[in-house]
Amino acid sequence: MAHTLVIVESPTKARTIRGFLPKDFKVEASMGHVRDLPNNASEIPAAHKGEKWANLGVNTANNFEPLYVVPKDKKKVVKELKDALKGADQLLLATDEDREGESISWHLLQLLNPKVPVKRMVFHEITKEAIGRALEQTRELDMELVHAQETRRILDRLVGYTLSPLLWKKVAWGLSAGRVQSVAVRLIVQRERARRAFRSGSYWDLKAQLDQGGAFEAKLSHLKGERIAGGSDFDEATGGLKAGSKVRLLSEAEARQLREAVLAGSWRVAAVEEKPTTRKPVAPFTTSTLQQEANRKLRLSARETMRTAQGLYERGFITYMRTDSVHLSDQAINAARSCVSAKYGKDYLSPAPRQFSTKARNAQEAHEAIRPAGESFRDPGATGLDGRDLALYELIWKRTVASQMADARLTMLSVDLEVDGGSLGTASFRSSGKRIDFAGFFRAYVEGSDDPDAALEGQEVLLPDLKQGDKPACKGVDALGHQTQPPARYSEAALVKMLEKEGIGRPSTYASIIGTIVDRGYATLQNNALTPSFTAFAVTALLEEHFPDLVDTSFTARMENTLDEISHGQVQWLPYLESFFKGEKGLENQVAQREGDIDPGASRTVELEGLPCVVRIGRFGAYLETKRVADDGTEELLKATLPQEITPSDLDAERAELILRQKADGPESLGEDPETGDLVYLLFGQYGPYVQRGQVSDENPKPKRASLPKGVKPEEFSLEDALGLLRLPRQLGEHPDGGKVEAGLGRFGPYVVHHKGKGEKDYRSLKAEDDVLMVGLSRAVELLAQPKKGRGGRTALKDLGTPEGGDEAIQLFDGPYGLYVKQGKVNASLPEGATADTITLEQAVELLAAKATSGKTKGRKPAGTKAAVTKAAAAKKPAAKPAAARKAPATTKTGRLRASAVRVIKAADS
């Protein structure tokens with residue numbers, strides 16, 4: 001029976017769209033991209049194996065012709081799509097409406113080679129009305145968009161695969177470079193350099209507690225008419241006041257003297273000012289602003305935000321989540337205004353519908369802003385969503401609805417007070433407040449701030465009704481000392497904001513770029529701050545010196561602008577690639593010329609001002625190196641491993657000298673263990689400080705060791721503390737259900753464990769307030785009763801059950817890189833397209849078995865998986881080939897190098 005075949009990217013999207021199409025329409029999923037440049041040597045077709053350009057995947061000598069291949073895991077998908085096409089009388093390519101979606105449709109067209117009419121079907125929300133309109137308004141493939149996406153893909157491959165091998169030779173194996181990635185790393189490094197160069201300044205001021213029919217606070221602002229110095233008056237490079245500053249820097253002695261004087265003085269209100277003002281709502285979300293706000297308010301990473309938003313879009317809850325536009329359709333404006341009237345009343349509607357214009361560089365106005373889908377917006381409480389899905393949908397709903405609400409009307413309040421400061425002269429204090437006269441859009445939404453100390457816009461600060469001449473009573477005065485703070489490290493939200501401001505990359509790629517930076521070890525994400533590694537310093541320095549354009553924000557923004565011009569047909573893609581890669585100034589020639597000039601020793605060296613040594617990048621991480629005079633009078637090199645927890649900003653001369661001294665003089669003894677008579681030592685290793693009982697010897701090759709708990713300072717660690725750690729694990733007693741309970745310290749921190757018997761153990765991490773040396777049985781039992789959590793402290797979404805022959809259940813979790821199943825110590829990611837609703841126990845068993853035998857995990861095989869998989873297949877399994885008939889793996893050094901090289905730089909394609 002003839003049918004219309006519709007192809008989308010994911011099963012979730014397919015299920016949603018299927019409900020809005022006629023019965024003779026068949027919907028299939030491509031599971032994302034079906035074709036790409038080779039990711040490893042095994043994917044290169046035999047006909048091209050010997051070509052010099054094959055690993056690159058782009059024939060630069062033949063008009064930059066890309067070598068596209070179908071990955072192994074997509075061959076089955078392609079076959080199924082071809083089978084589905086056989087009975088079709090029409091093909092509709094309904095992939096996403098952006099460049100990447102256009103590219104996927106083009107690849108499908110090339111692979112399937114259909115003999116029936118083909119149309120492109122686009123929509124930015126999955127609702128009955130939107131799908132109906134899309135069916136009526138099909139179009140041809142937009143080849144300008146395809147060329148723009150393919151040029152971007154080829155350009156990223158040229159940069160990544162040309163520069164990355166250079167970094168392996170000159171810095172360290174396994175590193176990657178990328179067109180946007182390397183610029184983002186440089187931004188993070190520049191901020192860390194600023195933190196290192198920062199010199200703190202100190203200043204004092206006063207804060208008074210006053211009362212006049214109500215309590216309020218006031219801060220010292222002037223003394224004898226001179227403004228009191230604040231944090232913004234200091235030079236970050238010197239720690240002193242900026243040149244030409246006309247301010248009064250109050251010393252501690254003066255602050256305390258002034259405090260005594262004003263406490264006894266008579267206070268008078270010198271001036272009262274009320275200044276009416278208005279606040280307008282911010283525009284609806286774009287990809288970038290959604291990532292920023294979700295990071296600030298929901299503490300979601302860019303990856304987590306985009307993955308959650310993708311799920312909401314594919315299930316029909318929101319419009320397409322990759323957009324630079326802040327535009328709202330008339331339908332959306334009417335829906336938002338209906339929500340305002342129904343929920344807050346007509347007084348809270350803006351007088352006229354609001355439209356916003358995009359201010360970001362290189363913005364594309366092709367889509368709407370991100371908003372709730374449909375002609376009417378579902379109230380968050382009526383969606384049936386929960387957890388992260390509900391939180392993100394509610395954020396989008398509130399921001400969209402707020403955009404059509406009335407301005408907030410506020411009155412900014414300021415009161416100036418004077419008091420006699422004795423010999424120091426008249427002191428002026430100021431009290432500031434804010435009164436919200438009409439909340440307007442504040443009722444629905446207030447934008448967050450990257451500054452955690454900033455007051456929320458919608459937060460009212462009221463002052464008593466004060467008039468000039470009033471004499472409030474002074475209830476107390478505090479003299480406060482302050483230290484200026486270094487520039488804050490980038491949070492994900494702040495980095496996304498900076499990249500967008502500079503026009504670097506596309507917001508839709510920021511999530512994967514930040515993920516690559518962390519995955520490749522260029523930065524760690526701690527407390528929502530991106531901290532660069534010493535490797536990031538070394539790589540950035542090399543690129544700045546030898547390839548400055550590639551890490552220059554202006555140059556990269558111009559590249560991005562050119563790529564946008566290609567998508568509009570204003571620039572030809574082939575001449576642009578030719579000029580970028582070839583010729584005297586092309587990247588290919590630059591790398592060839594520079595490679596011989598780059599000294600690997602210098603490239604692996606990070607010189608930081610004020611250190612008695614240098615930092616070098618080695619095979620196993622960063623280490624300190626300095627020269628010293630040996631006992632025999634000769635000069636020798638002294639090297640000491642740097643603990644991973646020490647960042648470039650944290651490494652000062654004192655800490656470096658401590659690590660070097662321990663390496664030179666041997667470990668520092670904290671004292672003697674009274675039970676064994678062995679000395680207890682404090683040492684520093686790659687993973688941080690630790691204590692050790694006794695020395696390594698033939699009789700004692702593996703002395704007892706224990707890492708210091710996170711946040712504990714080595715200089716404050718005592719012998720008693722060390723002995724407590726070395727005696728872990730502690731026996732706490734019997735569990736009410738039987739079995740012993742212990743407290744210990746492991747790789748992931750302090751924990752309690754319940755030994756259930758037959759080798760089964762149940763672990764829980766201790767909370768921040770728990771002390772592993774003091775926790776008791778009752779507290780341990782309480783923790784063990786809580787739901788088990790996975791990577792990153794995540795609670796299981798679902799318990800899939802215990803497989804046949806297994807002792808432990810398989811659970812489903814949602815991690816920073818997507819859904820995964822876990823049994824014991826083995827984790828396995830769900831394949832693309834699989835969801836929490838569709839994954840079964842049998843599928844989870846197969847995934848875990850494959851992961852356990854792939855060599856990608858050092859943990860034990862998951863219990864029960866082997867039995868569950870092999871029992872089902874035992875009868876059908878063919879006899880094994882004789883050993884001689886099996887294909888031998890490539891073992892040549894060149895073969896191994898090429899294969900691993902392509903794997904390593906796979907992440908550089910961004």
Side-chain angles (χ1 to χ4, degrees), residues 524 526 531 534 613 615 618 620-624 626 638-647 650-732 740-753 755 761 763-776 779-780 783 858:
T524 55
Q526 296 175 329
T531 304
F534 289 100
C613 56
V615 178
F620 305 108
Y623 63 92
L624 300 177
T626 189
L638 178 63
K639 301 178 182 180
T641 300
L642 264 175
Q644 286 183 346
E645 64 187 33
I646 295 181
T647 67
D650 299 330
L651 185 61
D652 54 21
E654 183 180 357
R655 187 169 291 192
E657 285 170 353
L658 176 64
I659 295 170
L660 288 167
R661 185 169 62 248
Q662 187 186 87
K663 181 70 175 181
D665 301 339
E668 175 188 351
S669 170
L670 296 176
E672 187 178 288
D673 184 341
E675 292 184 6
T676 66
D678 293 321
L679 291 177
V680 176
Y681 299 99
L682 175 65
L683 301 100
F684 290 88
Q686 184 181 2
Y687 302 105
Y690 64 95
V691 289
Q692 175 178 297
R693 182 166 54 214
Q695 292 267 35
V696 177
S697 64
D698 292 340
E699 296 77 23
N700 188 21
K702 291 185 177 180
K704 175 78 173 180
R705 292 173 177 170
S707 296
L708 268 64
K710 208 169 185 177
V712 173
K713 296 181 179 179
E715 59 269 22
E716 298 175 0
F717 205 65
S718 67
L719 174 63
E720 186 180 352
D721 297 328
L723 291 173
L725 289 181
L726 290 167
R727 287 168 186 156
L728 292 175
R730 294 169 52 231
Q731 297 289 332
L732 302 184
K740 292 181 179 179
V741 178
E742 291 179 343
L745 186 65
R747 181 181 171 193
F748 302 108
Y751 64 86
V752 288
V753 59
H755 295 270
K761 299 177 184 179
Y763 289 89
R764 293 294 185 279
S765 294
L766 291 181
K767 307 295 184 185
E769 63 270 20
D770 294 315
D771 184 343
V772 68
L773 301 179
M774 302 297 292
V775 67
R779 173 59 175 161
L783 290 169
K858 294 180 181 178

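Position 1 is the first residue of the sequence; numbering continues from there. Worth knowing before you read on, the calculation uses all heavy atoms, side chains too, and leaves out hydrogens, waters and symmetry mates.
- For the salt bridge (Lys or Arg N to Asp or Glu O under 4.0 Å) condition, no pair includes a residue of residues 677-687, sequence neighbours left out.
- Counting all heavy atoms, side chain and backbone alike, Ala743 lies closest to Leu728 at O-CD2, 3.8 Å.
- Here the side chains of Ile659 and Thr641 are not in contact, with every heavy-atom distance at 4.5 Å or above.
- Counting all heavy atoms, side chain and backbone alike, Leu732 lies closest to Ala780 at CD1-CB, 3.7 Å.
- For the atom pair CZ of Arg693 and CG of Leu679, the computed distance is 12.0 Å after rounding to the nearest 0.5 Å.
- Taking each heavy atom of Arg655 and Asp650 in turn, the nearest pair found is NH1-CB, 4.3 Å.
- The shortest non-hydrogen separation linking Pro701 to Val696 is O-CG1, 3.7 Å.
- For the side chain to side chain donor-acceptor pair (under 3.5 Å) criterion with Glu742, the lone passing option out of Arg730, Lys761, His755 is His755.
- Put simply, the side chain of Gln695 never gets that close to the backbone of Pro703: no donor and acceptor are under 3.5 Å apart.
- Between Glu769 and Arg779 there is a salt bridge, since at least one side-chain N of the basic residue sits less than 4.0 Å from a carboxylate O of the acidic one.
- In the displayed structure, Lys704 atom NZ is contacted under 6.0 Å by more than 12 heavy atoms of other residues, nucleotides or ligands.
- Pro750 is not listed as a side-chain neighbour of Asp770, based on a closest heavy-atom distance of 4.5 Å or more.
- Gln731 CD: more than 12 foreign heavy atoms inside a 6.0 Å radius.
- The line from CD of Glu657 to CG of Leu624 is 11.0 Å long, rounded to the nearest 0.5 Å.
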TODO: Determine, stepwise, if the pair Tyr751 / Val772 fulfils side chain to side chain contact (heavy atoms under 4.5 Å, CB included).
DONE: CA-CA 7 Å; Tyr751 64 86; Val772 68; over 6 Å; no

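- Within the model, atoms CG of Leu726 and CZ of Arg705 stand 11.0 Å from one another, a figure rounded to the nearest 0.5 Å.
- One finds the CG atom of Leu723 at 8.5 Å from the OG atom of Ser718 (value rounded to the nearest 0.5 Å).
- Under the side chain to side chain contact (heavy atoms under 4.5 Å, CB included) criterion, Ala622 pairs with Phe534, Val615, Ile617, Leu642, sequence neighbours left out.
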Task: side chain to side chain contact (heavy atoms under 4.5 Å, CB included) between Phe717 and Leu725, intermediate numbers included - done: CA-CA 11 Å; Phe717 205 65; Leu725 289 181; 3.3 Å; yes

TODO: Could you walk me through whether Ser697 and Asn700 pass the side chain to side chain donor-acceptor pair (under 3.5 Å) test, one step at a time?
DONE: CA-CA 5 Å; Ser697 64; Asn700 188 21; 5.3 Å; no

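- Atom OG1 in Thr524 sits 4.0 Å away from atom CD in Gln526 (nearest 0.5 Å).
- Taking OH of Tyr623 as the start and NZ of Lys639 as the end, the distance is 4.5 Å to the nearest 0.5 Å.
- Between Arg727 and Asp673 there is a salt bridge, since at least one side-chain N of the basic residue sits less than 4.0 Å from a carboxylate O of the acidic one.
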